[in-house]
Amino acid sequence: FALLKNTRMLKAVQKNATKGDPESVISAIDYYCRHKEWAMNVGDEKGLILDSVLTEVNPSTALELGTYCGYSTVRIARLLSPGSKLITVEFNPAFAAVARQIIAYAGLQDKVTLVEGPSGDLIPKMKARFGIKSFDFVFLDHWKDRYVPDTKLLEDCGLVSEGSVLLADNVICPGAPEYLKYVRNSPRYESRYYKSNLEYTKVEDGLEKSVFLG
Ligand SMILES: Nc1ncnc2c1ncn2CCCCCNC(=O)c1cc(-c2ccc(F)cc2)cc(O)c1O
Ligand SMILES: [Mg+2]
């Protein structure tokens, strides 16, 4: 039963990881999901691509759509420079509750703001509520049919500016075909596909990195 799986994952982190050590939290989740119960974290293989793009961008303000258990939240927050902030948006309160505990266990709660609710409602409130000028980096990992509407919403709300980087998970599996068409055909994006595998499997998946040209 999915929600109980997330509490089992949290227990595995509390048992096998060291409090305040993000690397051990990441390894504990990867071990659990590879050997015990598969879960839809971005995972260790695509996680290395996420790490490399993040290090290149070095964002001061980052947004994650779809927190789930906080695995990618921890991967992103651990690489942020001092004073940088990550806002992560989760729709499902039970997922959010587990994610808060995993983020806190990694000792990254001061860099992360977890907001609960549908991305479509929360994105228009970002400027007013968090004083965000624009996001340097956005990780899209929520409902795949929300990637296009939410990207358009970010543009319309002035939350992306020249040089902002969007990184989308699962563009092959489960797939986000409309999103790929949108960013690859738009003159406002420079897009590139990073071929990889669906987390903890040999199935093809990949990440699409799209730089907003303004
Ligand atoms: N703030 C918000 N607003 C709207 N929706 C929101 C939200 N916050 C959350 N959600 C709701 C997203 C629920 C999770 C989305 N992710 C996925 O659905 C997902 C599925 C797979 C998968 C692949 C092969 C399979 F056989 C089965 C599953 C892999 C992945 O890496 C995935 O990210
Ligand atoms: Mg994903």
Side-chain angles (χ1 to χ4, degrees), residues 22 42 47 49-93 95-97 99-100 102-104 106-171 176 179 182-183 186-191 207-214:
V42 72
I49 301 166
L50 171 60
D51 289 358
S52 69
V53 172
L54 257 171
T55 312
E56 178 196 321
V57 177
N58 188 26
S60 341
T61 54
L63 172 67
E64 175 180 59
L65 299 175
T67 316
Y68 186 42
C69 291
Y71 173 89
S72 46
T73 320
V74 168
R75 282 204 86 110
I76 294 167
R78 90 194 199 283
L79 294 177
L80 291 180
S81 306
S84 300
K85 288 289 293 174
L86 168 63
I87 297 178
T88 183
V89 180
E90 178 50 54
F91 175 74
N92 179 318
F95 291 170
R100 285 188 202 285
I102 287 179
I103 294 159
L108 294 166
Q109 64 286 349
D110 296 346
K111 291 175 170 289
V112 178
T113 304
L114 195 160
V115 202
E116 292 183 39
S119 49
D121 298 357
L122 291 167
I123 287 170
K125 297 172 182 160
M126 288 284 165
K127 283 197 180 233
R129 205 186 282 192
F130 302 105
I132 302 284
K133 286 187 310 302
S134 81
F135 290 109
D136 311 307
F137 178 82
V138 181
F139 184 53
L140 297 94
D141 193 21
H142 60 332
W143 273 324
K144 310 315 159 192
D145 59 11
R146 287 294 318 174
Y147 285 16
V148 173
D150 286 346
T151 298
K152 289 180 173 171
L153 206 45
L154 287 165
E155 291 167 17
D156 298 345
C157 298
L159 283 166
V160 284
S161 50
E162 187 178 344
S164 292
V165 172
L166 306 185
L167 189 66
D169 190 25
N170 310 118
V171 294
Y179 178 75
Y182 180 71
V183 289
S186 165
R188 302 181 77 185
Y189 290 95
E190 182 58 44
S191 227
L207 301 170
E208 186 82 0
K209 176 192 164 192
S210 308
V211 183
F212 187 61
L213 303 173

Are the aromatic ring centres of H142 and Y68 under 6.0 angstrom apart?
-> no
Pairwise distance CZ(F139) to CG(L166) - rounded to 0.5 angstrom = 12.0 Å
Is Y182 reaching over with its side chain to a backbone N or O of P149, donor-acceptor style, under 3.5 angstrom?
-> no
So, Y147 side chain and L140 main chain: donor-acceptor pair closer than 3.5 Å or not?
-> yes
Atom pair CG (L114) and CD1 (I87), whose distance is rounded to the nearest 0.5 Å = 10.5 Å
Atom CD of E190 with >12 non-hydrogen neighbours under 6.0 angstrom | no
Between the CZ atom in R78 and the CD1 atom in I103, the distance rounded to the nearest 0.5 Å is 14.0 Å
Nearest-0.5 Å distance that lies between atom CD1 in I76 and atom CG in D51 = 9.5 Å
Provide the closest heavy-atom pair for L207 versus L50 in the form atom of the first, atom of the second, distance.
-> CD1-N, 4.2 Å
Please round to the nearest 0.5 Å and tell me the distance separating atom CG of L153 and atom CD1 of I123.
-> 5.0 Å
Could you tell me whether the side chain of L154 reaches within less than 4.5 Å of the side chain of L63, counting heavy atoms only?
-> yes
Does S84 use its side chain to pair, donor to acceptor, with the backbone of P59 at less than 3.5 Å?
-> yes
More than 12 heavy atoms from other groups under 6.0 Å of NZ on K133 | no
Test E116 against R100 for salt bridge (charged side-chain N to carboxylate O under 4.0 Å, His left out), laying out the working first.
-> CA-CA 11 Å; E116 292 183 39; R100 285 188 202 285; 3.0 Å; yes
Just by distance, do the side chain of R129 and the backbone of M126 share a donor-acceptor pair under 3.5 Å?
-> no
Inter-residue atom distance L80.CG - D110.CG, 0.5 Å rounding | 12.5 Å
Minimum heavy-atom distance A99-T67, with the two atoms named | CB-CG2, 3.7 Å
So which heavy atom on G158 is nearest to which on S134, and how close?
-> O-CB, 3.9 Å
Please work out whether the ring planes of F212 and Y189 are parallel, tilted or perpendicular, with thresholds of 30° and 60°.
-> tilted
V160 to E155 - nearest heavy-atom pair and separation | CG2-CA, 3.8 Å
Applying side-chain contact (heavy atoms from CB on, under 4.5 Å), run through I102 and Y71 and close with a yes or a no.
-> CA-CA 8 Å; I102 287 179; Y71 173 89; over 6 Å; no
For the residue pair R146 and S119, what are the closest heavy atoms and their distance?
-> NE-OG, 4.0 Å
Heavy-atom pair with the smallest gap, counting every atom of L213 and E162 = O-CG, 3.6 Å
Whether S164 side chain and F135 backbone form a donor-acceptor pair below 3.5 Å = yes
Got T61 and F130 here, is their nearest side-chain heavy-atom distance under 4.5 Å?
-> no
